Amino acid sequence: MKLAQRLLLQSLAIVAVMVIAVVLIIDNQLHNNITEQTTHDLAGEARLVALQWKPGANADSIADNAGAATGHRITLIDSTGHVIGDSDFDGPALQALENHSARPEVVSARATGMGSSRRMSPSTGEEQLYVAIKAPLGFARVSVTTKAVEQLFERARSGVLLAGGISFLLAAILAGLFAQSVSRPISDLRDVARSIAAGERKLHPALAAPGEVGDLADAIHRLAEQLEARLSALDVEQARLSALVETLNEGVMAISPQHEVVRINGMGRRLLSINARVPFGTDYLPREATLRNAIALALDGTETEPEEIMLGDRTLSLTAKPLANGGAVVALFDLTPIRRLEAVRRDFVANVSHELRTPLTIVGGFAETLQDPDIPPERRVEFARTIFSNTHRMQRIVDELLDLSRIESGHWQPRSQPVRVADIATEIFGRLGQTARDKGVTLDTRIDPDSAVIYADRTALEQIAFNLVENAIRHTASGGRISIETNRDGRFIAFSVRDTGSGIPAAHLPRIFERFYRADAGRSREAGGTGLGLAIVKHLVEAHGGTVGADSIEGRGTTIKVLFPDEQSTMES
């Protein structure tokens, strides 16, 4: 039931009780007043009759005349109690009336001068109201039936009840208005409080009410403003915290005491391969024993030391800490790049050591042999030539390592300019022509007129072409062909070196641009390769904003394709 209805019913109940009480009180008072007033009026009539009753007058005539004038029964009683005159009885009937000296009203009149009583009349058989006055010759009594008195009382009571009904109706209307005036602002405040509790932070009570309701509205208004300010500050802080957590390179995961993941950042989702919306149970997490054990310990209040776990092909550092109010926080750091770099470093050290150990062993061995004075001069020349060749190989490895380091460190930046591919091809063929002829390999060019010029660093482009052509010569048998080709590829100009050599197995293609990686290590080393040429090509091309790729069929040849951004297309876009 609504407040307005409760207030209205309570008000109506109060008003009804008050109206009923007032009506009952007025009814009782009215009955007494009417009885008293009637008694008083009858006493006045009796006095008038007593004044008319004089010695020698006919008492019965006086009673008859007075009864006719007043409409009431008039009775004249002598001092002995005999009725000597009555407006309702004449002749024998009058003589037959009982002695009235014992009547209550007569007894009281004899004692005090006036008496009244209400009783059933034995002569008329009706209830009468008797009023007797002591007169000089006896007693003058006036009576009236109580029915007349009751009729007068009923008429008065009807007026009282009508007034009570009208008062109740007016009170009900006023109570309804009062209930509405009281309940409406309270209902408005209730709606505002519910809206604030439901998250409608912009809704404030706009209520001007008197008294305590107005004070309550003002308090709720201030409460809503403070709540809005605090929630706004909390939102800002939450946004900052979310942004901070999302920018971490670590995966962060918060777990509730109910074993539910209530928060996880993007890195954590990537590391754990989870797409479920929070909150979700820990059963969705990978079934890795160390991870599950660390979470269980943290939820029990035990902090775990950092541990390494393997999830798929990733190596993760795992730390779990309990929270003061229950729950736990799990941090995951991806160690895969570090471990990969460590592996690369180990491989690099091993490869460099391996590449340098062979020529150093050869140089050391032949140098030691040259110390023997009995070695013929022609053998000394041969040993010296071998020492020189291996020294040159070591020098080339060191130079290429220095070049690669310089490019990777960013200390070298290309100075791009328009370079004619034909000029580069002529330069490279001039430097490697003799080597190609010695192997019986043909060198040629297929330059597209629309891509005859490449916007690149000339020295870098020469080194790229030299390394690619030299590598192709190394793996192309006699009778083979090597060509430098260009063509337009969208917004790029493709610079390719194609050979008809031994080709590269498909399994090795993704790794040929790694340092010291060789598809056929033994044959490549015998041919004089260092294993760094393609790695240098890759870094030089990427420094220009380009890409490099390889396409090969084992036994049928290899094509290394380099894409350089086209300056003209870049300017037009």
Side-chain angles (χ1 to χ4, degrees), residues 240-355 401 404-405 408-410 507-518 521 531 535 538-539 542:
R240 290 175 180 171
L241 179 61
S242 297
L244 177 62
V245 171
E246 288 299 328
T247 55
L248 291 176
N249 288 329
E250 288 184 294
V252 178
M253 179 171 54
I255 302 176
S256 70
Q258 291 74 33
H259 293 254
E260 286 188 336
V261 177
V262 295
R263 185 159 192 171
I264 182 171
N265 64 352
M267 179 59 72
R269 290 183 178 276
R270 288 192 293 273
L271 295 178
L272 298 176
S273 300
I274 291 178
N275 295 320
R277 296 181 60 183
V278 292
F280 58 86
T282 54
D283 292 338
Y284 284 89
L285 298 176
R287 296 188 178 278
E288 206 281 332
T290 305
L291 173 63
R292 295 298 180 106
N293 184 59
I295 292 175
L297 290 174
L299 290 175
D300 289 338
T302 303
E303 181 176 346
T304 62
E305 295 295 329
E307 297 181 83
E308 287 192 17
I309 62 174
M310 291 295 299
L311 289 180
D313 59 347
R314 293 181 181 272
T315 302
L316 306 180
S317 174
L318 166 67
T319 304
K321 294 185 178 180
L323 296 176
N325 58 348
V329 172
V330 177
L332 298 166
F333 184 72
D334 190 4
L335 298 176
T336 306
I338 297 176
R339 296 294 179 260
R340 186 179 294 118
L341 288 176
E342 290 176 350
V344 170
R345 180 180 58 82
R346 288 193 300 269
D347 292 343
F348 176 75
V349 172
N351 288 329
V352 170
S353 300
H354 183 72
E355 292 294 333
L401 284 174
L404 193 58
S405 175
E408 287 182 335
S409 65
H508 296 281
L509 279 176
R511 300 190 60 188
I512 63 172
F513 293 100
E514 296 180 10
R515 287 172 292 190
F516 296 113
Y517 186 82
R518 296 185 179 91
K538 178 175 181 290
H539 285 83
E542 290 178 348

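Keep in mind that the numbers below use all heavy atoms, side chains included, and drop hydrogens, waters and symmetry copies. What you see is a predicted model; the values in this text were computed from it and never measured.
Residues T290 and L318 come closest through the heavy atom pair O-CD2, 3.9 Å. Looking at every heavy atom in both residues, F280 comes nearest to I274 through CZ-CG2, 3.8 Å. Residues A298 and P322 share a closest heavy-atom pair of O-CB, 3.1 Å. Residues L299 and S256 come closest through the heavy atom pair CD2-O, 3.7 Å. Residue N265 comes nearest to G251 through the heavy atom pair OD1-CA, 3.5 Å, listed as atom of the first residue, atom of the second, then distance.
Contact check for R292 versus D283: side-chain heavy atoms found under the 4.5 Å cut-off. D334 is listed as a side-chain neighbour of L316, based on a closest heavy-atom distance under 4.5 Å. Between I295 and L285, the closest side-chain pair of non-hydrogen atoms falls below 4.5 Å.
Atom CG of L272 is separated from atom CZ of R314 by 10.0 Å, given to the nearest 0.5 angstrom. Here the NZ-CG distance, from K321 to L297, works out to 15.0 Å after rounding to the nearest 0.5 Å. With rounding to the nearest 0.5 Å, the separation of CE in M253 from CZ in R269 is 11.0 Å. The CE atom of M310 sits 10.0 Å away from atom CZ of R339, with the distance rounded to the nearest 0.5 Å.
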message: Please determine whether side-chain contact (heavy atoms from CB on, under 4.5 Å) holds for the pair D313 and T336, giving the CA-CA distance in whole Å, both sets of side-chain angles, and the decisive distance to 0.1 Å.
response: CA-CA 8 Å; D313 59 347; T336 306; over 6 Å; no

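Side-chain atoms of H259 never come within 3.5 Å of backbone atoms of I255 as a donor-acceptor pair (strictly under, hydrogens ignored). Here the side chain of S317 pairs no donor or acceptor atom with the backbone of F333 at under 3.5 angstrom.
Of the listed residues (L271, I309, L291), just one forms a side-chain contact (heavy atoms from CB on, under 4.5 Å) with P286, and that residue is L291.
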